[in-house]
Q: 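I have a structure I would like to understand better, so I am pasting it below and will then ask my questions one at a time.
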Amino acid sequence: MTYSGAVKVGGPADVHELPDLMISKVAVGPMDNNAYLLRCRATGEQLLIDAANDAGTLLTLIGDDGIASVVTTHQHGDHWQALADVVSATGARTYAGREDAAGIPVPTDVLVDDGDTITVGRVTLTARHLVGHTPGSIALVYDDPHGHAHVFTGDCLFPGGVGNTWKDPKAFASLIDDVETKIFGTLSDETWVYPGHGGDTTLGAERPHLAEWRARGW
């Protein structure tokens with residue numbers, strides 16, 4: 001089956017099979033959050049991005065192999081409702097952006113800064129600190145050596161625009177500047193975007209609209 005990134009709460013995961021990495025996407029909770037399970041194909045080690053809600057669904061997705069780590073993209077409560085239960089069940093190491101860790105009620109084992117790397121087996125993810133939706137939001141970039149990049153953007157980039165900055169001009173300017181510089185400015189149009197809610201997109205589909213987003217202010 002071809003991966004589409006279209007998932008719904010209560011439905012099955014959609015799996016994106018890459019040469020070195022398997023990405024399983026599932027939707028959970030009342031705010032239709034996306035959670036992503038990354039599995040290194042060489043070692044079987046797994047990493048979860050956003051234990052957002054419904055620990056039972058996430059633990060079933062994780063399976064008997066467990067996870068080595070769980071990354072929380074930012075401090076908003078809808079992205080960590082299942083974190084305590086998942087960590088308790090798996091013993092996973094926790095990661096979060098340095099400026100957001102205090103807002104997450106599960107201790108963060110590793111504080112993440114811009115440019116830091118996180119590994120899952122033999123696969124390396126690079127963190128990009130994006131300020132505006134929250135002070136410490138992070139995106140994770142997987143630069144696939146066999147193809148284009150893949151980026152997990154949390155609530156900082158969606159199809160049709162950047163994340164919510166609640167009509168705060170300073171926060172919006174910061175977020176769109178960071179997204180434009182650190183994401184669009186360094187990655188190709190083929191880059192696949194996996195957001196914190198809803199459907200996926202590519203940088204190529206969104207790039208023509210950057211000036212429009214900046215002009216409208218959200």
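All of these numbers come straight from a predicted model, not from anything done at the bench. All heavy atoms count here, side chains included; hydrogens, waters and symmetry mates do not.
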Q: Do Tyr3 and Met22 belong together in a cluster built from hydrophobic side chains that touch within less than 4.5 Å?
A: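 No; tracing contacts between hydrophobic side chains, which count when under 4.5 Å, never links both residues.
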Q: Counting C-beta onward and ignoring hydrogens, is there a side-chain heavy-atom pair between Val15 and Ile23 closer than 4.5 Å?
A: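 Of all side-chain heavy-atom pairs linking Ile23 with Val15, none is under 4.5 Å.
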Q: Do the non-hydrogen side-chain atoms of Ile67 and Val86 ever get within less than 4.5 Å of each other?
A: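 Yes, at least one pair of side-chain atoms sits under 4.5 Å.
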Q: Evaluate the criterion side chain to side chain contact (heavy atoms under 4.5 Å, CB included) for residue pair Arg39 and Asp65; output intermediate values, then yes/no.
A: CA-CA 10 Å; Arg39 182 181 181 92; Asp65 289 340; 2.9 Å; yes
Q: Is there a donor-acceptor contact under 3.5 Å from the side chain of Thr94 to the main chain of Val87?
A: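 Checked: no pair found.
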Q: Do Arg128 and Val141 make a side-chain contact, defined as non-hydrogen atoms from C-beta onward lying under 4.5 Å apart?
A: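 Result yes, sub-4.5 Å side-chain heavy-atom pair found.
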Q: Of all the heavy-atom pairs spanning Val7 and Ala13, show the shortest one and how long it is.
A: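 Where Val7 meets Ala13 most closely, the heavy atoms are CG1-C, 4.5 Å.
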Q: Membership question, hydrophobic clusters at under 4.5 Å side-chain separation (ILVMFWY): are Leu48 and Val112 in the same one?
A: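 No, because Val112 and Leu48 fall into different hydrophobic clusters, even though each may have its own neighbours under 4.5 Å.
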Q: Does any N or O in the side chain of Asn53 come within less than 3.5 Å of the main-chain N or O of Ala82, such that one atom is a donor and the other an acceptor?
A: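 Such a contact is absent between Asn53 side chain and Ala82 backbone.
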Q: Could you see if Leu187 belongs to whatever hydrophobic cluster contains Leu21? Use Ile, Leu, Val, Met, Phe, Trp, Tyr and a side-chain cutoff under 4.5 Å.
A: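 No; Leu21 is not reachable from Leu187 via cluster members.
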Q: Nearest 0.5 Å, what's the CD-CG distance between Gln81 and Asp54?
A: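 Spacing of CD (Gln81) from CG (Asp54) equals 11.5 Å.
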Q: Any idea which heavy atoms bring Thr108 and Ala96 closest together, and the distance?
A: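 Looks like CG2-N, 3.5 Å.
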Q: Can you find a pair of side-chain heavy atoms, one from Val71 and one from Leu140, that are under 4.5 Å apart?
A: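 In short, these two side chains touch, coming nearer than 4.5 Å.
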Q: With the side chain counted from C-beta on, respond yes when Asp20 and Tyr142 share a heavy-atom pair under 4.5 Å apart, and no when they do not.
A: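 Yes, side chains in contact.
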Q: For Thr43 and Glu45, what are the C-alpha separation, side-chain angles and deciding distance, and is it a side-chain hydrogen bond (donor to acceptor under 3.5 Å, both in side chains)?
A: CA-CA 5 Å; Thr43 68; Glu45 185 170 296; 5.2 Å; no
Q: Starting from the C-alpha separation in whole Å, work towards a yes-or-no answer on side chain to side chain contact (heavy atoms under 4.5 Å, CB included) for Leu83 and Ile104.
A: CA-CA 9 Å; Leu83 182 59; Ile104 300 168; 3.8 Å; yes
Q: Minimum heavy-atom separation for Gly154 and Thr73, please, with both atom names.
A: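 Taking every non-hydrogen atom into account, CA-OG1, 3.7 Å.
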Q: Compare every heavy atom of Gly103 with every heavy atom of Pro105, then report the nearest pair and how far apart it is.
A: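 Smallest heavy-atom distance, with atoms named: CD-O, 3.9 Å.
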Q: Check for a donor-acceptor pair, side chain of Asp114 on one end and backbone N or O of His129 on the other, with a separation under 3.5 Å.
A: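 Flag set: sc Asp114 to bb His129 pair under 3.5 Å.
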Q: Who pairs with Arg93 by salt bridge (charged side-chain N to carboxylate O under 4.0 Å, His left out), at least two apart in sequence or on another chain?
A: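 Applying salt bridge (charged side-chain N to carboxylate O under 4.0 Å, His left out) to Arg93 gives none.
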Q: Evaluate the side chain to side chain contact (heavy atoms under 4.5 Å, CB included) criterion for residues Asp14 and Ser4: first the C-alpha distance (whole Å), next the side-chain angles of each, then the deciding distance (0.1 Å), finally the verdict.
A: CA-CA 7 Å; Asp14 198 8; Ser4 69; 3.3 Å; yes
Q: Are the side chains of Ser24 and Leu61 in contact, using a 4.5 Å heavy-atom criterion?
A: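 In short, these two side chains touch, coming nearer than 4.5 Å.
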Q: Is it true that Lys8 and Asp32 have a side-chain N and a carboxylate O under 4.0 angstrom from each other?
A: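 No, no charged N to carboxylate O under 4.0 Å.
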Q: In the single-linkage hydrophobic clustering (I, L, V, M, F, W, Y; side-chain heavy atoms under 4.5 Å), do Leu157 and Phe172 co-cluster?
A: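 Yes, it is one cluster - the side chains of Leu157 and Phe172 are joined through contacts under 4.5 Å.
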Q: Would Phe152 end up clustered with Val179 when hydrophobic side chains under 4.5 Å apart are linked, directly or stepwise?
A: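 Phe152 and Val179: separate clusters.
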Q: Who passes salt bridge (charged side-chain N to carboxylate O under 4.0 Å, His left out) against Glu180, sequence neighbours left out?
A: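 Applying salt bridge (charged side-chain N to carboxylate O under 4.0 Å, His left out) to Glu180 gives Arg214.
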Q: Suppose the criterion is ring-ring contact (aromatic ring centres under 6.0 Å, His included): which pairs have a residue in residues 94-118, not counting sequence neighbours?
A: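 As it turns out, there is no ring-ring contact (aromatic ring centres under 6.0 Å, His included) pair with a partner in residues 94-118 once direct neighbours are skipped.
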Q: Does any pair with a residue in residues 197-218 pass ring-ring contact (aromatic ring centres under 6.0 Å, His included), and if so which ones, sequence neighbours excluded?
A: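 For residues 197-218, and leaving out neighbouring residues, the ring-ring contact (aromatic ring centres under 6.0 Å, His included) pairs sorted by first residue read His79-His197.
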Q: Determine all donor-acceptor pairs shorter than 3.5 Å in which one atom belongs to a side chain in residues 116-124; sequence neighbours excluded.
A:
| residue | atom | partner | partner atom | Å |
| --- | --- | --- | --- | --- |
| Asp116 | OD2 | Asp113 | N | 2.8 |

Q: When rounded to the nearest 0.5 angstrom, what distance separates CG in Leu203 from OG1 in Thr191?
A: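 Here the rounded value is 4.5 Å.
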Q: How many angstroms lie between CG in Asp155 and NE2 in His76, if you round to the nearest 0.5 Å?
A: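 Going from CG on Asp155 over to NE2 on His76, the span is 7.5 Å.
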Q: Name the orientation class of the two ring planes belonging to Tyr194 and Tyr36 (parallel below 30°, tilted from 30 to 60°, perpendicular beyond 60°).
A: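 Plane angle over 60°, so perpendicular.
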Q: Does the side chain of Leu125 reach to within under 4.5 Å of the side chain of Asp143, using non-hydrogen atoms?
A: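 Result no, sub-4.5 Å side-chain heavy-atom pair not found.
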Q: Of all residues at least two apart in sequence or in a different chain, which pass the side-chain contact (heavy atoms from CB on, under 4.5 Å) check with Asp100?
A: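 Asp100: side-chain contact (heavy atoms from CB on, under 4.5 Å) contacts with His74, Gln75, Thr134, Pro135, Ser137.
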Q: Name all residues meeting the side-chain contact (heavy atoms from CB on, under 4.5 Å) criterion together with Thr186; count only those two or more places apart in sequence or in a different chain, and write none if there are none.
A: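 For Thr186, no residue satisfies side-chain contact (heavy atoms from CB on, under 4.5 Å) once neighbours in sequence are set aside.
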Q: With sequence neighbours left out, write down each residue that passes salt bridge (charged side-chain N to carboxylate O under 4.0 Å, His left out) with Asp189, or none if nothing qualifies.
A: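 Expected list: Arg207.
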Q: Considering residues at least two apart in sequence or located in another chain, which fulfil the side-chain contact (heavy atoms from CB on, under 4.5 Å) criterion with Ala171?
A: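 Only Thr165, Asp168 meet the side-chain contact (heavy atoms from CB on, under 4.5 Å) criterion with Ala171.
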Q: Could I get the full list of side-chain contact (heavy atoms from CB on, under 4.5 Å) partners for Thr201, not counting sequence neighbours?
A: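 Here the qualifying residues are Pro159, Val193, Ala205, Glu206.
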Q: Given a cutoff of under 4.5 Å between side-chain heavy atoms of I, L, V, M, F, W and Y, with clusters grown through shared members, what are the other residues clustered with Val131?
A: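 None, because no other hydrophobic side chain comes under 4.5 Å of this residue.
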Q: What is the distance from atom NZ of Lys182 to atom OG1 of Thr126, rounded to the nearest 0.5 Å?
A: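 OG1 of Thr126 is found 12.5 Å from NZ of Lys182.
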Q: Near Met31 CE, under 6.0 Å, is it more than 12 heavy atoms from other residues, nucleotides or ligands?
A: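 Count not over threshold, so no.
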Q: For Asp200, enumerate each residue passing the salt bridge (charged side-chain N to carboxylate O under 4.0 Å, His left out) test, keeping only those at least two apart in sequence or located in another chain.
A: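 Testing Asp200 for salt bridge (charged side-chain N to carboxylate O under 4.0 Å, His left out), a comparison that skips the adjacent residues, returns Lys25.
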Q: Between Trp192 and His148, is there a side-chain heavy-atom distance shorter than 4.5 Å?
A: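 When only atoms from C-beta onward are counted, Trp192 and His148 do touch, with a gap below 4.5 Å.
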Q: Applying side chain to side chain contact (heavy atoms under 4.5 Å, CB included) to Trp80 and Val106, what does each step give before you reach the verdict?
A: CA-CA 9 Å; Trp80 48 253; Val106 177; 6.0 Å; no
Q: Might you point out which heavy atoms bring Leu58 and Ala51 nearest each other, and give the distance in Å?
A: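 Heavy-atom minimum between the residues: CD1-CA, 3.6 Å.
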Q: Nearest 0.5 Å please: distance from the NE2 atom of His133 over to the OG1 atom of Thr153.
A: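 That separation rounds to 10.5 Å.
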Q: Please check: side-chain N/O of Thr181 versus main-chain N/O of Asp177, any donor-acceptor pairing under 3.5 Å?
A: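 The answer is yes, because a donor-acceptor pair under 3.5 Å joins these two groups.
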Q: Can you give me the closest heavy-atom contact between Asp109 and Ala92, atom names plus distance?
A: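 So the two residues come closest at OD2-O, 4.1 Å.
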Q: Among Arg41, His150, His146, exactly one meets side chain to side chain contact (heavy atoms under 4.5 Å, CB included) together with Leu18. Which residue is that?
A: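 The side chain to side chain contact (heavy atoms under 4.5 Å, CB included) with Leu18 is passed solely by His150 among Arg41, His150, His146.
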